[in-house]
Trainee: 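Sharing a structure here in structure tokens format.
Note that these values count all heavy atoms, side chains included, but never hydrogens, waters or copies made by symmetry. The chains referred to below are lettered A, B, ... by the order of the sequence lines, with proteins before strands, and numbering in each begins at 1.
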Amino acid sequence: PAHSQANEDTLQQRLQALIECARESWTYAVFWQLSYDFAAGEDDGGGNSSNTPLLAWGDGYYKGEEEKPMKKKPTPISAAEQEHRKRVVRELNSLISGGGGGTVNGGDEAGDEEVTDTEWFFLVSMTQSFINGSGLPGQAFSNSQTIWLSGSNALAGSSCERARQGQVYGLETMVCIPTENGVVELGSSEIIHQNSDLMDKVNSFFNPSNGG
Amino acid sequence: EGDLPIARRKSLQRFLEKRKERIVSTSPYSP
């Protein structure tokens, strides 16, 4: 357990370093961890189940968006949708705090404040996983190739549901970089053009054989 | 609650704590 705890902590530190040390303004970073879904495998009749490789939530770091006065605001959501998001955040606060109706750190501000589109996208992402080859992370991993989508047209026109969903929630750039045991995904509400600096950092931080 | 995988639970906890910090730091009532 101590070793597992250390792995989780360093994973969080690597995601944070990736974003905080970058020249560009990234909104979030997620590590999709390669794992195996034994439940989804088919029983061969002899009690032996095959297993299906999938990319599941490993960890994530949400930085948020920079406030820019001239920035185009996404289409406002309905009051009902905003209330739904707030209710979910309040319930999650309660869940994390032990179900006693309290909130993280005892405060209740977090449940009353508006939940932004990118916060909601990040939260929803925690519930997702991708079979190898499917979705943005799955395609990046199975082809061992970085996928870099910048501009809302590129996201909206993608064949991947996740990219289209990201565009709806105000993202302008989504990147998936494959590593030895998963995929690093970054998203930004700004247009960020492809650069090797980010890919070099991911390669260095997330590939153990490179000393990462 | 018991079905929430530990990685997601920890990420969720971090996200909610940082969100609260951001809200408090940008609040007009913040000291």
Side-chain angles (χ1 to χ4, degrees), chain A residues 1 4-5 7-9 11-13 15-16 28-33 35 56-65 67 86 88-100 102-116 118-120 122-129 182, chain B:
Chain A
S4 168
Q5 174 74 47
N7 276 345
E8 285 168 19
D9 289 347
L11 184 54
Q12 177 68 198
Q13 285 162 7
L15 290 170
Q16 188 170 351
Y28 72 86
V30 169
F31 182 65
W32 297 105
Q33 174 102 43
S35 54
W57 180 271
D59 203 354
Y61 177 76
Y62 180 87
K63 182 186 179 187
E65 300 151 67
E67 286 289 332
K86 286 180 185 177
V88 170
V89 167
R90 278 196 296 270
E91 287 173 1
L92 289 172
N93 262 318
S94 178
L95 173 73
I96 290 300
S97 302
T103 55
V104 169
N105 291 343
D108 58 3
E109 297 92 337
D112 295 330
E113 203 63 28
E114 291 216 336
V115 182
T116 67
T118 54
E119 283 179 322
W120 189 246
F122 184 82
L123 264 180
V124 170
S125 299
M126 289 186 202
T127 67
Q128 297 179 336
S129 56
Chain B
E1 185 180 344
D3 293 338
L4 195 63
I6 193 148
R8 289 177 188 176
R9 189 183 178 90
K10 293 199 80 166
S11 298
L12 184 57
Q13 188 166 9
R14 283 194 186 104
F15 171 77
L16 293 172
E17 283 174 354
K18 286 197 175 294
R19 180 168 190 270
K20 198 199 157 203
E21 285 170 16
R22 279 197 307 275
I23 289 166
V24 170
S25 70
T26 56
S27 165
Y29 305 108
S30 180

Trainee: A/Tyr62 versus B/Arg14: any side-chain heavy-atom pair under 4.5 Å?
Mentor: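 No, their side chains stay 4.5 Å or more apart.
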Trainee: Please find the pair of heavy atoms, one from B/Ser11 and one from A/Gly60, that lie closest to each other, and give the distance.
Mentor: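 Looks like OG-N, 3.8 Å.
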Trainee: Do B/Arg19 and A/Val115 come close enough that some side-chain heavy atom pair is under 4.5 Å?
Mentor: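 Of all side-chain heavy-atom pairs linking A/Val115 with B/Arg19, at least one is under 4.5 Å.
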Trainee: Testing the basics here: between B/Ile23 and A/Glu113, what is the closest heavy-atom pair and its distance to 0.1 Å?
Mentor: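 Residues B/Ile23 and A/Glu113, closest heavy atoms: CD1-CB, 3.4 Å.
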Trainee: Could you report the tightest heavy-atom contact between B/Ala7 and A/Gly58, atom names first, then the distance?
Mentor: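 Result for this residue pair: CB-O, 3.4 Å.
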Trainee: In Å, rounded to the nearest 0.5 Å, how long is the span from CZ of B/Arg8 to CG of A/Asp59?
Mentor: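 That separation rounds to 12.0 Å.
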Trainee: Checking A/Gln33 against chain B: side chain, backbone, both or neither under 4.5 Å from a heavy atom?
Mentor: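 Nothing of A/Gln33, per the 4.5 Å heavy-atom cut-off to chain B.
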Trainee: Rounded to the nearest 0.5 Å, what's the gap from CG on A/Leu92 to CG on B/Leu16? Could you check?
Mentor: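 Those atoms lie 6.0 Å apart.
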